[in-house]
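Data first, discussion second: the structure below is written as structure tokens.
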Amino acid sequence: MSSVRKVTDDLYWVGTNDKRTHLFENIHPIPRGVSYNSYLLMDKKKVLFDTVDWSGCRDFLKNVEEVLDGKDLDYLVINHMEPDHAASMEEILIRYPDCKVISNEKSFMFMHQFGFNIEGRKEEVKEGDTKCFGKHTVTFVAAPMVHWPEAMVTFDTTNGVLFSADAFGSFGSLDGKLFNDEVNFDRDWIDDARRYFCNIVGKYGPFVQYLLQKAGGVPIKMFCPLHGPVWRTDLDYYIEKHDKWSRYEPEEKGVLIVYASMYGNTEAAAQSLASTLCRKGMTNVAVYDVSSTHVSYLVAEAFKYSHIVLASVTYNLQIYPVMYDFLHHLKTLNFQKRTFGIIENGTWAIKSGTLMKEFIDEELKECLVLGSQVSVNSSADETNEPEFDTLADALIKSLEK
């Protein structure tokens with residue numbers, strides 16, 4: 001019994017699904033789990049592309065053994081040395097002592113740092129090198145900082161398969177459905193794909209753009225990423241998403257309202273703005289509590305929407321800590337090209353609005369802060385209604401541009 005899936009005539013998925021791990025990289029929640037994808041090419045030479053996280057090693061080894069069916073493994077190609085993909089390589093090398101490891105110079109350096117003994121088994125490749133395994137010839141393409149400096153992708157010139165490492169990946173356990181056309185991606189997967197990209201790769205948008213430019217000149221027929229579904233149809237749809245995300249362009253015209261509230265008053269102000277926007281006809285509005293929503297979801301939503309409203313109470317004369325953390329994550333991930341609105345609140349010294357504007361102006365690139373700021377003294381009342389109207393109108397006018 002195994003979960004092996006056939007990808008093409010000679011290629012098999014031998015990865016694993018992980019529904020036990022709660023935090024990806026011990027930071028990002030993965031309530032739908034995650035897959036660790038590995039692929040085995042059964043040509044004249046038998047070639048394994050990457051391995052899996054240590055947590056899935058037992059099932060992975062069974063999958064590899066089943067597909068090999070008594071044959072030896074000739075090569076292990078390591079496109080990405082991060083432990084969720086390379087941790088099981090030593091177990092492969094123990095079981096297949098004649099197997100050679102194909103990777104690049106920096107990747108081999110990382111192998112030594114992680115303590116893997118690959119002396120005498122290395123076959124180093126660089127950008128543009130090719131390797132023939134029988135019917136299949138592959139070429140190796142550097143993909144630095146997508147999202148580690150050693151990352152590369154491997155393109156099979158015979159069948160058009162791109163082994164894309166962490167590019168074109170997604171959170172989510174496959175649960176038997178390997179291909180993008182076996183799922184309703186827009187309904188069930190796009191949010192996980194966006195959250196995966198924005199939080200894992202988002203900082204390195206220019207490097208993704210460089211890889212997309214390289215890929216544009218190659219006749220790719222299939223993406224085989226290290227996480228998430230294999231793409232064999234509608235590749236342009238997925239490329240377009242990654243193009244927007246990596247250029248920091250919003251997917252949708254809409255308003256994301258993120259609020260930080262201690263006792264509910266700033267939350268009420270955020271909801272009041274949301275109601276005002278919807279009453280005026282702008283219904284593509286999403287509202288989140290920064291204190292109860294993991295920051296990885298907020299980051300993904302920020303990448304999605306064109307306009308963001310920050311509503312924060314003042315705390316110790318500073319921005320509320322979890323709101324500041326959200327802003328700091330945006331800065332760290334090179335977030336840019338958005339329009340912001342601000343609602344501030346305080347009882348005895350209102351500072352959050354000024355500080356949030358300063359952060360946006362000084363730390364985020366190509367961002368505009370609307371001048372129609374709302375200031376609330378403790379709790380909003382009828383005297384604030386004109387301010388909410390003015391901010392809503394400013395947002396709608398900006399959205400219409």
Side-chain angles (χ1 to χ4, degrees), residues 7 37 39 49-50 77 79-82 85 104 106-107 125-130 138-157 159-172 179-181 185-186 189-252 299-300 302-306 330 332-338 365-366:
V7 181
N37 300 340
Y39 307 92
F49 292 89
D50 297 289
V77 176
N79 287 300
H80 184 26
M81 252 308 293
E82 199 168 6
H85 307 300
N104 59 66
K106 187 157 287 187
S107 183
V125 295
K126 60 184 183 300
E127 171 87 17
D129 284 352
T130 62
V138 304
T139 184
F140 303 99
V141 181
M145 302 316 302
V146 185
H147 65 121
W148 274 24
E150 92 305 348
M152 68 179 190
V153 298
T154 303
F155 179 64
D156 189 331
T157 61
N159 59 12
V161 169
L162 180 69
F163 299 97
S164 60
D166 266 349
F168 305 112
S170 176
F171 294 140
F179 298 102
N180 69 296
D181 55 6
F185 199 86
D186 261 338
W189 282 85
I190 188 60
D191 289 341
D192 271 332
R194 183 189 305 107
R195 191 164 63 92
Y196 169 85
F197 178 90
C198 298
N199 288 277
I200 307 301
V201 190
K203 178 180 176 67
Y204 306 107
F207 295 95
V208 176
Q209 281 290 307
Y210 182 54
L211 179 59
L212 289 173
Q213 290 168 16
K214 287 184 180 181
V218 177
I220 300 170
K221 296 180 180 178
M222 187 178 294
F223 294 137
C224 285
L226 291 176
H227 298 291
V230 169
W231 280 77
R232 63 182 179 183
T233 63
D234 205 9
L235 270 61
D236 287 343
Y237 160 88
Y238 212 33
I239 290 172
E240 189 268 339
K241 292 292 185 184
H242 285 77
D243 181 46
K244 278 195 170 182
W245 296 335
S246 58
R247 286 188 293 112
Y248 308 100
E249 299 286 351
E251 286 177 72
E252 299 180 7
V299 165
F303 270 74
K304 178 180 178 181
Y305 290 101
S306 60
L330 294 180
T332 300
L333 292 168
N334 199 28
F335 185 76
Q336 53 192 273
K337 300 179 183 177
R338 294 300 189 277
K365 301 174 185 176
E366 297 184 54

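In this chain, residues are counted from 1 in sequence order.
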Answer whether the closest heavy-atom distance between the side chains of [X] and [Y] falls below 4.5 Å.
{"X": "I190", "Y": "K241", "result": "yes"}
{"X": "K221", "Y": "L162", "result": "no"}
{"X": "H227", "Y": "I200", "result": "no"}
{"X": "D50", "Y": "N37", "result": "no"}
{"X": "F155", "Y": "P219", "result": "yes"}
{"X": "Q209", "Y": "L212", "result": "yes"}

So, F303 versus F197, ring centres under 6.0 angstrom or not?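 No, the ring of F303 stays outside the 6.0 Å limit from the ring of F197, centre to centre.
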Is the Y238-F223 ring centre distance short of 6.0 angstrom?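 Ring centroids of Y238 and F223 are no less than 6.0 Å from each other.
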Apply salt bridge (charged side-chain N to carboxylate O under 4.0 Å, His left out) to K106 and list each qualifying residue two or more places apart in sequence or on a separate chain.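 If we apply the salt bridge (charged side-chain N to carboxylate O under 4.0 Å, His left out) test to K106, skipping adjacent residues, there are no hits.
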Applying salt bridge (charged side-chain N to carboxylate O under 4.0 Å, His left out), name anything that partners D129, two or more places apart in sequence or on another chain.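 Testing D129 for salt bridge (charged side-chain N to carboxylate O under 4.0 Å, His left out), a comparison that skips the adjacent residues, returns K126.
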For [Y], is there any backbone N or O sitting under 3.5 Å from a side-chain donor or acceptor partner on [X]?
{"X": "Y204", "Y": "W148", "answer": "no"}
{"X": "N180", "Y": "P229", "answer": "no"}
{"X": "Y39", "Y": "F163", "answer": "no"}
{"X": "N104", "Y": "E150", "answer": "yes"}
{"X": "E252", "Y": "P250", "answer": "no"}

Supply the atom-to-atom distance [X] [atom1] to [Y] [atom2], rounded to the nearest 0.5 angstrom.
{"X": "H85", "Y": "N79", "atom1": "NE2", "atom2": "CG", "answer": "10.0 Å"}
{"X": "Q336", "Y": "E249", "atom1": "CD", "atom2": "CD", "answer": "8.5 Å"}
{"X": "M152", "Y": "L211", "atom1": "CE", "atom2": "CG", "answer": "13.0 Å"}
{"X": "Y196", "Y": "D166", "atom1": "OH", "atom2": "CG", "answer": "3.0 Å"}
{"X": "I220", "Y": "L235", "atom1": "CD1", "atom2": "CG", "answer": "7.5 Å"}

Non-hydrogen atoms of [X] and [Y] that approach each other most closely:
{"X": "F168", "Y": "H242", "result": "CA-NE2, 3.5 Å"}
{"X": "W189", "Y": "S170", "result": "CE3-OG, 3.5 Å"}
{"X": "S164", "Y": "P225", "result": "OG-CA, 3.3 Å"}
{"X": "V146", "Y": "A151", "result": "O-CB, 3.7 Å"}
{"X": "H80", "Y": "A165", "result": "CB-CB, 4.3 Å"}
{"X": "V7", "Y": "C224", "result": "CG1-SG, 4.2 Å"}

side-chain hydrogen bond (donor to acceptor under 3.5 Å, both in side chains) with Y305: which residues, sequence neighbours excluded?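 Once residues adjacent in sequence are excluded, Y305 has no partner under the side-chain hydrogen bond (donor to acceptor under 3.5 Å, both in side chains) criterion.
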T157: what forms a side-chain hydrogen bond (donor to acceptor under 3.5 Å, both in side chains) with it, not counting sequence neighbours?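 Here no residue qualifies.
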Determine the interplanar angle of the W231 and F185 rings, folded into 0 to 90°, and report it as parallel if under 30°, tilted if 30 to 60°, perpendicular if over 60°.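 Geometry flag for F185 against W231: perpendicular rings.
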Tell me the salt bridge (Lys or Arg N to Asp or Glu O under 4.0 Å) pairs involving residues 194-218, sequence neighbours left out?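 Listed once each, the pairs are E127-K214, D191-R194, D192-R195, R194-E251.
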I'd like to know whether OH of Y210 has more than 12 heavy-atom contacts from other residues, nucleotides or ligands below 6.0 angstrom.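 Atom OH in Y210 is not crowded, with 12 or fewer foreign heavy atoms closer than 6.0 Å.
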Please list, chain by chain and in numerical order, all residues satisfying side chain to side chain contact (heavy atoms under 4.5 Å, CB included) with T130, sequence neighbours excluded.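 For T130 the side chain to side chain contact (heavy atoms under 4.5 Å, CB included) partners, ignoring immediate neighbours, are T137, T139.
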